[in-house]
Colleague: 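One structure coming up, written as structure tokens, with questions to follow.
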Amino acid sequence: MAAEVFSYESLVHAISGAVGSVTAMTVFFPLDTARLRLQVDENRKARSTPAILAEIVKEEGLLAPYRGWFPVICSLCCSNFVYFYCFHSLKARWLKGKPSAPSTDLIVGITAGIVNVLVTTPLWVVNTRLKLQGSKFRNADIRTTNYSGILDAFVQIVRQEGVGALWNGTFPSLLLVLNPAIQFMIYEGLKRHLKKGVPREPHLWINTLAEENRVNTLSSIEVFLIGAVAKAVATTATYPLQTIQSILRFGQYSRSTDESKILSSLRSIKCLLVNRVRKYGMLGLFKGLEAKLLQTVLTAALMFLLYEKITSYTFSAMGLSHNNYKRR
């Protein structure tokens, strides 16, 4: 088991996923800013993404859409490294060279997601606070914060709200492990479907490792499209919980401390969902979905494209056949 968990293959997948996600998020970061502002600031009217970004730039300056970029990138890098590493090492342990199936991808994705949430939630809590710090909100009830950086945010949150506050939104986050699990299940399933009929064994006319890898690799446009489709389905299915997760991470929602954390979390999720529906109707649960879909679909598509290219080139440089690592 150790050989499968602590392997170069898992490390390459983890680094490739982290680098791909960081690059993609940097390109489309302003779209995530618009999405988060719509989710947290209830009094801000839902408009088109360009209109929201224009408002933010006008009120807060040209660099406002990139506020909180560094903590987000740090969190994303760590999060995707953990997720990709767990996903591929657990899958290697489970399959042991056998073909994969959608159910396997889903179960392994959920397991990797749980590990990822428990390890990286404090980073996401801090980056949500930093990203929204200094913003001009329509909701006057939102309290302002004053963090000088990532470490200061950690210290202030622990000092003022307790260590448990670093895991705010953990319960909806655990439910949201379905998001990447569904995404990877669809992505891996579509990839297997598209690769049907593609030569799986080297032919006589394939003279080099590079040529063999090229024959067995999907085109860039195929990878981009299946990454986009997978993320669009996963995001739409889980978006209401993502909104609740953002509100809880922001730390502006007060809840009862007289009951267990799990029961309190369940009540918080229920209350936030019900209140949002009462105020804005069912569509209120999907406020900011346009910005989220635009950002997350493009980011995921570019991330998967970069991830596939980096892993392909890395394994080729290491002298490993494409079949050795794409079999899963």
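Just so you know, these numbers come straight off a predicted model, no measurement behind them. When reading the values below, keep in mind they use all heavy atoms of this one structure, side chains included, and skip hydrogens, waters and symmetry mates.
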Colleague: Are the side chain of Thr170 and the backbone N or O of Trp167 linked by a donor-acceptor pair below 3.5 Å?
Modeller: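 Such a contact is found between Thr170 side chain and Trp167 backbone.
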Colleague: Verify, without hydrogens or angle tests, whether Thr236 (side chain) and Val233 (backbone) share a donor-acceptor contact under 3.5 angstrom.
Modeller: no
Colleague: Quick check: Tyr83 with Phe184 (ring centres under 6.0 Å apart)?
Modeller: yes
Colleague: Using side-chain heavy atoms (C-beta onward) and a distance below 4.5 Å, is Phe70 in contact with Asn127?
Modeller: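 Answer no - side chains too far apart.
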Colleague: Determine yes or no for a side-chain-to-main-chain donor-acceptor pair under 3.5 angstrom, with Glu308 supplying the side chain and Ser220 the backbone.
Modeller: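 Not at all, since once roles are kept as given, no pair shorter than 3.5 Å links the two residues.
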Colleague: Hey, could you give me the CD/CG distance between Gln295 and Leu31, rounded to the nearest 0.5 Å?
Modeller: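 Here the rounded value is 6.5 Å.
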Colleague: Do Phe286 and Pro240 have side chains that get closer than 4.5 Å, going by heavy atoms?
Modeller: yes
Colleague: Consider only side-chain heavy atoms of I, L, V, M, F, W and Y, link residues closer than 4.5 Å, and tell whether Tyr147 and Ile73 are in one cluster.
Modeller: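 Result: yes, single cluster for both.
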Colleague: Which value, rounded to the nearest 0.5 Å, describes the distance between Leu225 atom CG and Leu190 atom CG?
Modeller: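 Rounded to the nearest 0.5 Å, the CG-CG separation comes to 10.0 Å.
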Colleague: Is there a donor-acceptor pair closer than 3.5 Å between any side-chain N or O of Tyr307 and the backbone N or O of Leu302?
Modeller: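 Here the side-chain-to-backbone pair does not exist.
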Colleague: Under 6.0 Å between the ring centres of Phe224 and Phe304?
Modeller: no
Colleague: Within the distance-only criterion (no hydrogens, no angle test), does the side chain of Glu222 pair as donor or acceptor with the backbone N or O of Ser219 below 3.5 angstrom?
Modeller: yes
Colleague: If you define the side chain from C-beta out and look only at heavy atoms, does anything of Thr33 sit under 4.5 Å from Tyr66?
Modeller: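 No. Closest side-chain heavy atoms not under 4.5 Å.
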Colleague: Are Ile114 and Val82 connected into the same hydrophobic cluster when the rule is that any two of I, L, V, M, F, W, Y join if their side-chain heavy atoms are below 4.5 Å apart?
Modeller: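 No.
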Colleague: Could you see if Val177 belongs to whatever hydrophobic cluster contains Val119? Use Ile, Leu, Val, Met, Phe, Trp, Tyr and a side-chain cutoff under 4.5 Å.
Modeller: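 Each belongs to a different hydrophobic cluster.
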Colleague: Of all heavy-atom pairs between Leu53 and Pro30, which one has the smallest distance, and what is that distance?
Modeller: CD2-O, 3.2 Å
Colleague: Tell me whether the rings of His88 and Phe84 are parallel (<30°), tilted (30 to 60°) or perpendicular (>60°).
Modeller: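 Aromatic pair His88/Phe84 classed parallel.
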Colleague: With under 30° as parallel and over 60° as perpendicular, where do the rings of Tyr85 and Phe81 fit, or are they tilted in between?
Modeller: parallel
Colleague: Is Ile107 reachable from Tyr187 through a run of hydrophobic residues whose side-chain heavy atoms are each under 4.5 Å from the next?
Modeller: yes
Colleague: Considering all heavy atoms of both residues, which atom of Met185 and which atom of Pro102 are nearest to each other, and what is their separation?
Modeller: CG-O, 3.5 Å
Colleague: Run the numbers on Asp105 and Arg192 for salt bridge (Lys or Arg N to Asp or Glu O under 4.0 Å), then give the verdict.
Modeller: CA-CA 12 Å; Asp105 294 329; Arg192 283 192 294 271; 2.9 Å; yes
Colleague: To the nearest 0.5 Å, what is the distance between CD1 on Ile182 and OG1 on Thr238?
Modeller: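 Here the interatomic distance stands at 6.5 Å.
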Colleague: In terms of side-chain geometry, is the basic nitrogen of Glu55 or Lys58 positioned less than 4.0 Å from the acidic oxygen of its partner?
Modeller: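 No, this pair does not count.
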Colleague: Go through it in stages, so that I can follow the logic: the residues are Glu9 and Arg93, the test is salt bridge (Lys or Arg N to Asp or Glu O under 4.0 Å), and I'd like the CA-CA distance, side-chain angles, deciding distance and then a yes or no.
Modeller: CA-CA 12 Å; Glu9 286 192 26; Arg93 170 63 178 168; over 6 Å; no
Colleague: Given the rule that I, L, V, M, F, W and Y join up when any side-chain heavy atoms are under 4.5 Å apart, are Val229 and Leu194 in one cluster?
Modeller: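 In one cluster: yes.
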Colleague: Side-chain atoms of residues 17-26: list all donor-acceptor pairs with protein atoms under 3.5 Å, sequence neighbours left out, distances to 0.1 Å.
Modeller:
unit_1, atom_1, unit_2, atom_2, d
Ser21, OG, Gly17, O, 3.0
Ser21, OG, Ala18, O, 2.9
Ser21, OG, Asn80, ND2, 3.3
Thr23, OG1, Val19, O, 2.9
Thr26, OG1, Val22, O, 2.8
Thr26, OG1, Trp69, NE1, 3.2

